[in-house]
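Have a look at the structure below, then the notes.
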Amino acid sequence: MASGFGFPILSPAEIAEQLFQYGIAPVANLRPENIASPQPDLLPGVLARFFNSFVDAPGDGEDGLLGFSDLEVLDNPEHHMEAIRVLRLYNKSQAFLDSIQFKDFTLADFTRPTPRRVVEVLSALINFLFYREEKVTLLQPIVSETPDYHERTLELKARMAQLQKEIADHELAEQMEEPMAQQLEADVNALQQKVQVYNKQQLALRAKAAVINDKKEEIHRKITQADFELTKHAQENSRLMSKLVKSPEKVQRALEEKKSARAKLKESEKIAMQNDQEKSAALEIRNKAHEKLTKQHSKIQDVHEQLVAAKTVEKEVKARKAKLNDESVSVMSFDAQIVDWQGKVHEMEERLKGKVKERNQIIADENQKLGALSSEIEGKLQCLEPREKKVEATIAKASNLCSEAASARTAATAEQQKIRAKFNNIVKAVGLS
């Protein structure tokens, strides 16, 4: 056999049955006779279905378009589309068969295969599918340990997207409300300055009102004193009138003096009344100023309420920012869980490497035993000519054991590459999430 990959050769009937079972049969009515006497399109059809079903990821298939280099070389590229498609499929098939240690796959095997080569290629594919199914079954417990990993990842991504959207909306609303807040802050500062001015004016008016009250009390005191003196003068006038009969001239002179004093008193009383009216007018002005100050104070209270409302809005904004920070902390905890799962995946990979190493050691021991057995058989062949037929049978058995050992080694290598690729994909998916 030209291949270095060991596998059991299947019969055409078994091949046809397995092709139908794995869904890679090129036609619906494939029979063993079609494999024993193959047509040129048998292998291309099976390999194309095999790549579409088990090798290529969704969206990785060839689109049939030519590159610029092909367009430069070919005069009529549209006439070579089918040939280029077949050549690409052959290159892909050759690379895959080389990866599973099936060598010497030529273009003649792909386009005009002999029945023997068709059976060998299809047997290799089916044995690879057997091996793949066995390893997938072994990996199923590992996969089942994290059943909701992808769902949890999608949920976290959706939550992060929602939080980012809320943050963006909040920042946009903050930017839109910033001019209004600046205008409100300027208005509040202006009103505070006006309040300070009004407070100063109110203090000045209170001081003036206190001075006016002091002057008013002084005027009332003077009026009371004047009334007291008027009463005293009236009593004295009565006393002088009683004396008028005794000394008319003195009484007349005293009466004139009293009249002049009374006129002066009335004049002072008139002046006092005028001062009292002036003070009353000033008091009325003070009352009006007080009313205006009261109105201004009510306006200041309204502005203060608006300022309190603005501070409340600012507190709500800070509370939302704190809530967003808490959500960020929860997202970081989920990231820590993802790192933990990555550690578990790395641990499983290390365990797998250990098992592969142990299997390689067993294979090496078997190879040593087989080498010793072969050397022993060669010695017996030189010494024991009559037992040549028995020795030949033993050598054939040893060759089969070598083939099985090589098959086991190749299977272990392919298993290691497959599992390593799968774990790399898992690690990449975890890193992207």
Side-chain angles (χ1 to χ4, degrees), residues 1-56 61-62 64 79-134 392-393 395-415 417-418:
M1 184 182 298
S3 172
F5 176 69
F7 54 86
I9 301 298
L10 303 178
S11 64
E14 292 175 341
I15 292 173
E17 181 182 357
Q18 294 301 326
L19 290 178
F20 277 116
Q21 183 176 355
Y22 285 106
I24 58 175
V27 293
N29 57 351
L30 182 67
R31 293 178 298 178
E33 292 81 6
N34 301 127
I35 299 174
S37 300
Q39 296 295 325
D41 60 346
L42 177 63
L43 272 183
V46 173
L47 289 170
R49 289 177 174 269
F50 171 77
F51 286 126
N52 291 333
S53 301
F54 298 101
V55 179
D56 292 337
E62 298 290 344
H79 296 164
H80 304 278
M81 295 294 291
E82 183 64 23
I84 292 174
R85 186 189 66 81
V86 173
L87 186 59
R88 286 176 176 174
L89 181 59
Y90 165 71
N91 291 332
K92 186 188 292 185
S93 302
Q94 186 183 30
F96 174 76
L97 292 174
D98 286 341
S99 68
I100 62 173
Q101 303 301 318
F102 187 89
K103 305 293 183 180
D104 300 332
F105 182 72
T106 63
L107 185 60
D109 295 333
F110 186 73
T111 56
R112 295 187 302 276
T114 61
R116 181 180 63 83
R117 293 295 284 172
V118 169
V119 171
E120 289 178 359
V121 173
L122 295 181
S123 298
L125 288 179
I126 292 172
N127 279 280
F128 172 77
L129 292 176
F130 288 160
Y131 170 77
R132 178 182 178 276
E133 185 176 1
E134 179 183 356
E392 289 177 354
I395 291 173
K397 185 177 180 181
S399 298
N400 290 331
L401 291 176
C402 289
S403 299
E404 291 179 0
S407 176
R409 186 188 304 108
T410 306
T413 304
E415 176 186 3
Q417 294 176 353
K418 182 75 174 182

One should read off an interatomic distance between Ile35 CD1 and Leu43 CG, to the nearest 0.5 angstrom, of 10.0 Å

On a heavy-atom basis, which atom in Pro40 and which in Pro44 lie closest, and how many Å separate them? O-CD, 3.3 Å

For the side-chain contact (heavy atoms from CB on, under 4.5 Å) test, which of Asn52, Leu129, Leu125, Leu47 pairs with Ile24? Leu129

Using side-chain heavy atoms (C-beta onward) and a distance below 4.5 Å, is Val121 in contact with Val118? no

Decide yes or no for Tyr22 and Arg132: does some side-chain heavy atom of the first lie under 4.5 Å from some side-chain heavy atom of the second? no

Can you name the closest pair of heavy atoms from Pro12 and Pro32 and give their distance? CB-O, 3.7 Å

List in chain and number order the residues that pass side chain to side chain contact (heavy atoms under 4.5 Å, CB included) with Ala36, two or more places apart in sequence or in another chain; answer none if no residue qualifies. none

Using side chain to side chain donor-acceptor pair (under 3.5 Å) as the criterion, list what pairs up with Glu134, not counting sequence neighbours. none

Would you compute the distance between atom OG of Ser93 and atom CZ of Phe102 and round it to the nearest 0.5 angstrom? 11.5 Å

Taking the six-membered ring for Trp, are Phe96 and Phe128 parallel (under 30°), tilted (30 to 60°) or perpendicular (over 60°)? perpendicular

According to side chain to side chain contact (heavy atoms under 4.5 Å, CB included), who are the partners of Asp98, at least two apart in sequence or on a separate chain? Gln94, Lys103

Which residues share a side chain to side chain donor-acceptor pair (under 3.5 Å) with Thr106, sequence neighbours left out: Asp109

Restricting to side chain to side chain donor-acceptor pair (under 3.5 Å), what partner residues turn up for Tyr131, sequence neighbours left out? none

Is Pro26 close to Val46 at the side-chain level, that is, under 4.5 Å between some pair of heavy atoms? yes

Could you tell me which residues satisfy ring-ring contact (aromatic ring centres under 6.0 Å, His included) with Phe110, sequence neighbours excluded, listed by chain and number? Tyr90

Walk me through it: do Glu120 and Arg117 pass the test salt bridge (Lys or Arg N to Asp or Glu O under 4.0 Å)? CA-CA 5 Å; Glu120 289 178 359; Arg117 293 295 284 172; 2.9 Å; yes

Which heavy-atom pair separates Pro38 from Pro113 by the least distance, and what is that distance? CG-O, 4.1 Å

Residues in side chain to side chain contact (heavy atoms under 4.5 Å, CB included) contact with Ser37, at least two apart in sequence or another chain: none

For Asn34, which residues count as a side chain to side chain donor-acceptor pair (under 3.5 Å) partner, sequence neighbours excluded? none

Taking every non-hydrogen atom, the tightest pair across Arg31 and Ala16: C-CB, 4.4 Å

Can you find a heavy atom in the side chain of Leu122 that is under 4.5 Å from one in the side chain of Leu10? no

Taking only residues two or more places apart in sequence or in another chain, which ones pass side chain to side chain contact (heavy atoms under 4.5 Å, CB included) with Gln417? Thr413

